[in-house]
Amino acid sequence: MSGSILGDLPVLPLAESFALTAAYKTDSSPNKVNLGQGVYRDKWCQPWVLPSVRAAEELLHKERVNHEYLAIQGDESFNQKARELLFDSRISQQKNIRTVQTIAGTGANYLAASFCARHIRPKKVFISNPTWDNHYEIWKTAGPEITQQLYPYYNSNERCLDFGGMVKELEKGEENDVVVLHPCAHNPTGHDPTRDQWKSIAEVIARRRLFVVFDSAYQGFASGDPDADAWAIRHFYSIFFSDVSVSQKPLPAGMIVCQSFSKNFGLYGERIGALHLVSPPSVSTQGAFTHLTQLARAQISCPSLFGARIVNTILSDNSLRQTWEQDVKTMALRIRDVRSALRSELERIETKGDWSHIERQIGMFSYTGLSRQQVEMLKNQYHIYMLGNGRMSMSGLNEENVAYVAQAIKDVVECEP
Ligand SMILES: Cc1ncc(COP(=O)(O)O)c(C=O)c1O
C-alpha cells in the first residue's frame, strides 16, 4: 500500500504518434521507414530547416536581440503578420479580429476550447470523425462538461468526403454549439470540402447559429499556395463578419481561428502559433478579448519569443517572404511527387485494390485504407511505422524506400484471408 492517492492512478498509454516515434528510434533495422509523425522530411528523409528560416535566424543572430518577456497577447508585429497571412492584408485590418500569440496550434486549440467552455457555454462541440486525435483530448480537458458530437467526415467505401453525413449531423446543432473545422489539408484523411461544399456548410452553420472554430495547421500544404488554402476562412469572414454581412440574418455568434506555424515554417519544436477571435461587425471584441487574455495569462503568462521573431522577420521582408513561399511550394510539390511514386509502384507490381486515392488526397498525409492489423504487420515484419488508422505521413518516403514500402504493402494486403 503506497498510502498515497498517486498510487491509485492507472498507467495511461503514450499518445500514439509519440509512441511510434520512440519505437522507430530504437528500431535497429537498416530498412526502417518512419511514416508516423506529422513532420516534413526532405528527399533524404531528414528534417528540413527552410532556407527562409535559416536566413531569418542569421539576421536575428546579428541583431543581438534581448530576452525580455512579451506582452500577454504576444508580439503585436508578429500578430499582425500572422493575421495577414490568414485573412489577407485587407481583412486583417478590420477591428473585429483580435489576435493572441499562442504556444503553437495546440496552445491555440486549448485556449479556444477553454474560452468556449467558459464564455460560449456550448452543450456540444462537433468534431470531425476522424480528426487529429488531440482534438478529443483538448476538448475533454478544457471542457469536460461539453458533449463531443462526432460528425461523419470520411466515406471509407468511396474514399471521399462524407459531405451528406457531415451536413446532416451539423443540422442537429443548437445555438452556440461549437463546430471544429479543418480549413485545408484535413488531418488525417487528406480530403477537403470543395468551395461549393464550404458554402453549404456555412449556410447550415448560420442557420443553426453555431460558433465556428477553424483549426489551421497546414496552410500552404494543400495546394502549395497559402492564399488558396485560406479560402474557406476568408469566405466565412466575408459572409458572416464583414460589413456586408450585417443585413444577413441569422449569423454565428463568432469565430475563432487557430493558426499553427509548426508545419508551414518547419518550426515544430519552437511552438509558435496564434489565435484569432472574430466577432460580428456590430459587436465589440473588447470584453471578449480581455477574457481571452486572462485565460492565456493563467495558462502560459505570456508566449515565447524565438518562433515569433523568425516568422515576423520572414513575413516583414519581401525577399524572405518570397523565399518562404518557394519553400512551401517545395514541400507541397515533393509530397505530391511521392504520392504519385507510391501509387505508380503499387500499380506496377499489381497490388490488389485501387490505389488512386493516394494521389487524390492532399496535404501531408495519405489515409491509406490499410487495416490496423495490416499496419501492425508493416511495423513488426517490415519496420514500417504509421498510425494504426492507416494514416501515412508521405514525406517519410523517398526514391530509396518507395519500392520497399510498396512491396511490403502488397505483401500485407495480399497475405490476408
Ligand atoms: C489538425 C491539427 N491541428 C493542430 C495541430 C497542432 O500542431 P502544433 O501544436 O505542433 O502547432 C496539428 C498537429 O499535428 C494538427 O494536425
Side-chain angles (χ1 to χ4, degrees), residues 15-21 34-41 47 50 53 74 78 82 85-86 100-114 125-139 141-142 150-151 153-154 178-193 212-222 229-230 232-233 256-276 296 299-300 303-304 306-308 310-311 328 331 335 361-367 386-387 389 391-396:
E16 188 185 10
S17 64
F18 286 85
L20 265 186
T21 305
N34 190 358
L35 307 174
Q37 215 178 15
V39 288
Y40 178 77
R41 293 289 178 250
L50 277 53
V53 169
F78 160 82
L85 186 63
L86 209 50
V100 188
Q101 188 188 323
T102 60
I103 304 296
T106 304
N109 274 273
Y110 193 81
L111 184 57
S114 6
V125 53
F126 288 85
I127 300 179
S128 77
N129 180 20
T131 191
W132 176 52
D133 57 3
N134 212 15
H135 279 148
Y136 306 130
E137 283 304 314
I138 286 172
W139 281 87
T141 312
L150 306 190
Y151 59 85
Y153 191 83
Y154 186 65
V178 172
V179 55
V180 179
L181 298 165
H182 301 222
C184 69
H186 183 271
N187 176 10
T189 66
H191 290 280
D192 290 343
V212 179
V213 174
F214 269 118
D215 180 14
S216 176
Y218 297 95
Q219 188 183 359
F221 271 87
D229 287 3
I233 294 169
I256 284 176
V257 185
C258 304
Q259 183 179 23
S260 166
F261 296 90
S262 302
K263 322 277 176 173
N264 54 7
F265 282 73
L267 290 171
Y268 307 96
E270 299 304 342
R271 316 306 294 137
I272 178 67
L275 179 155
H276 310 277
Q299 289 173 7
I300 60 166
S304 52
F306 186 65
I310 296 278
V311 172
V328 172
M331 294 191 284
I335 294 176
Q361 294 163 344
I362 52 171
M364 202 173 233
F365 307 110
S366 177
Y367 208 45
M386 69 179 83
L387 292 194
N389 61 10
R391 188 199 81 173
M392 188 186 268
S393 183
M394 295 309 285
S395 68

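Below, each value reflects all heavy atoms present in this structure, side chains not excepted, and no hydrogens, waters or symmetry copies. Counting starts at 1 for both ligands and their atoms, in listed order. The shown structure was predicted, so the numbers you read here are calculated from the model rather than taken from an experiment.
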For Thr189 and Tyr367, indicate whether the former's side chain and the latter's backbone hold a donor-acceptor pair under 3.5 Å. no
Residue Thr106 vicinity, atoms of ligand 1 by number, heavy atom under 4.0 Å: 6 (C), 8 (P), 9 (O)
With no hydrogens and no angle check, is any side-chain donor or acceptor of Ser395 less than 3.5 Å from a backbone partner on Val39? yes
At under 4.0 Å between heavy atoms, is it the side chain or the backbone of Tyr268 that contacts ligand 1, or both, or neither? neither
Report the C-alpha distance between Ile138 and Trp132 in whole Å, list the side-chain angles of each, state the deciding distance to 0.1 Å, and finish with yes or no for side chain to side chain contact (heavy atoms under 4.5 Å, CB included). CA-CA 11 Å; Ile138 286 172; Trp132 176 52; 4.0 Å; yes
I want to know if ligand 1 touches Asn109 in the polar sense, i.e. an N/O pair below 3.5 angstrom. no
Is there a heavy atom in Lys263 that sits closer than 4.0 Å to ligand 1? yes
Parallel, tilted or perpendicular: which describes the rings of His182 and His135, with under 30° parallel and over 60° perpendicular? perpendicular
Criterion ring pair (Phe, Tyr, Trp, His ring centres under 6.0 Å) against Phe261, the qualifying member of Tyr268, Phe306, Phe78: Phe78
Exactly one of Ser128, Pro130, Pro188 should register a side chain to side chain contact (heavy atoms under 4.5 Å, CB included) with Tyr154. Which one does? Pro130
Does Ser262 reach ligand 1 with a nitrogen or oxygen that is under 3.5 Å from one of the ligand's nitrogen or oxygen atoms? yes
Just by distance, do the side chain of Thr102 and the backbone of Ala104 share a donor-acceptor pair under 3.5 Å? yes
Of the side chain and backbone of Asn187, name the one, both, or neither that has a heavy atom under 4.0 Å from an atom of ligand 1. side chain
Side chain of Asn129, backbone of Tyr153: donor and acceptor closer than 3.5 Å? no
With a 4.0 Å cut-off on heavy atoms, does Phe261 reach ligand 1? no
For atom 12 (C) of ligand 1, find the nearest protein heavy atom and state the residue, atom name and distance (0.1 Å precision). Trp132 CE2, 3.5 Å
Would one find an N or O of Gly105, backbone or side chain, under 3.5 Å from an N or O of ligand 1? yes
Regarding ligand 1, does His182 bring an N or O atom to under 3.5 Å of one of the ligand's N or O atoms? no
Provide the number and element of each atom of ligand 1 under 4.0 Å from a heavy atom of Ala217. 2 (C), 3 (N), 4 (C), 15 (C)
Compare Asp215, Thr102, Ile138 and give the one whose heavy atom is closest to atom 3 (N) of ligand 1. Asp215
